[in-house]
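I have placed the structure first, in the form of structure tokens, so that the comments after it can refer back to it.
Quick caveat, the model's predicted, so the values are computed rather than measured. Both backbone and side-chain heavy atoms feed into the values below; hydrogens, waters and symmetry mates do not.
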Amino acid sequence: MKIAVEKGQDKALLPDGRQQVTITDIEEGSSEYKGIPFFAVRFENDEGYVSHRFYQSPAGMPAIISLFDRVGIHAEANKELDTKQLIGKELTIEVGERSYTDPETSNERTLKQAVDFLAS
């Protein structure tokens with residue numbers, strides 16, 4: 001069997017801890033359970049990558065504003081933020097794991113992501 005390896009798939013997940021990264025990709029979608037729009041950011045460096053979803057909801061806006069602010073793009077009332085502006089920006093993130101219960105299966109899942117954008 002031949003398995004095609006797409007660009008970026010040849011990297012491992014980043015180890016836990018502080019990482020200097022570049023935003024290399026943005027994907028848009030909606031949550032599987034409630035249909036909430038999100039954009040997934042791929043944070044990458046020479047050691048690997050990690051992805052993190054930013055949800056477009058009232059609870060998710062502080063994380064979105066923090067991400068833009070940390071790369072030097074300031075949010076202003078009545079103006080739109082463009083995720084395309086994030087591509088190529090560098091920042092430091094904290095990588096870690098987060099566990100949650102999948103609402104459809106009730107199984108516990110664990111994700112590796114940028115934990116400094118999570119709500120407390």
Side-chain angles (χ1 to χ4, degrees):
M1 170 188 330
K2 294 182 180 182
I3 300 171
V5 179
E6 294 178 22
K7 182 180 177 190
Q9 291 179 327
D10 55 341
K11 289 193 171 189
L13 290 174
L14 285 170
D16 291 353
R18 295 198 72 65
Q19 299 285 339
Q20 180 69 29
V21 294
T22 301
I23 296 173
T24 60
D25 190 44
I26 303 284
E27 290 186 19
E28 297 176 3
S30 58
S31 66
E32 296 83 357
Y33 183 60
K34 292 188 177 180
I36 298 170
F38 70 82
F39 62 96
V41 176
R42 182 178 171 108
F43 298 104
E44 192 170 341
N45 65 22
D46 290 340
E47 291 183 53
Y49 77 96
V50 69
S51 293
H52 185 95
R53 285 184 177 183
F54 290 85
Y55 289 92
Q56 246 184 292
S57 67
M61 283 308 293
I64 291 171
I65 290 170
S66 174
L67 171 64
F68 277 85
D69 190 52
R70 287 170 62 180
V71 299
I73 302 169
H74 302 288
E76 295 180 39
N78 301 316
K79 298 219 174 167
E80 292 183 342
L81 295 169
D82 185 351
T83 58
K84 290 181 178 115
Q85 293 177 293
L86 296 170
I87 301 290
K89 299 289 188 182
E90 295 182 1
L91 70 156
T92 300
I93 62 170
E94 183 77 26
V95 176
E97 293 183 347
R98 177 180 74 91
S99 296
Y100 70 98
T101 302
D102 184 316
E104 289 185 9
T105 65
S106 296
N107 294 330
E108 186 171 302
R109 293 186 62 194
T110 301
L111 300 174
K112 186 174 277 264
Q113 60 187 20
V115 293
D116 43 349
F117 294 106
L118 298 176
S120 52

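Side-chain atoms of Asn45 come within 3.5 Å of backbone atoms of Gly48 as a donor-acceptor pair (strictly under, hydrogens ignored). Counting only distance, with no hydrogens or angles, the side chain of Asp25 and the backbone of Arg42 share no donor-acceptor pair below 3.5 Å. Side-chain atoms of Lys84 do not come within 3.5 Å of backbone N or O of Ile26 as any donor-acceptor pair. The backbone N or O of Ala40 sits nowhere less than 3.5 Å from a side-chain atom of Ser51 that would complete a donor-acceptor pair.
Within the 4.5 Å cutoff, the side chain of Leu91 has heavy atoms near those of the Ile23 side chain. Using a 4.5 Å heavy-atom cutoff, the side chains of Phe54 and Thr83 are not in contact. Contact check for Val50 versus Val21: no side-chain heavy atoms found under the 4.5 Å cut-off. Contact annotation: the side chain of Asp82 never approaches that of Ile73 to less than 4.5 Å [non-hydrogen atoms, C-beta and beyond]. Contact check for Tyr49 versus Thr24: no side-chain heavy atoms found under the 4.5 Å cut-off.
Closest approach of Gly17 to Glu94, counting heavy atoms only: CA-OE2, 3.4 Å.
The structure places CD1 of Ile65 at 7.0 Å from CG of Leu81, a figure rounded to the nearest 0.5 Å.
With respect to the salt-bridge test (charged N to carboxylate O, under 4.0 angstrom), the residues Arg53 and Glu32 qualify.
Counting non-hydrogen atoms of neighbouring residues, nucleotides and ligands closer than 6.0 angstrom, the NZ atom of Lys112 exceeds 12 such neighbours.
Of the N and O atoms on the side chains of Thr92 and Gln20, at least one donor lies less than 3.5 Å from an acceptor on the other residue.
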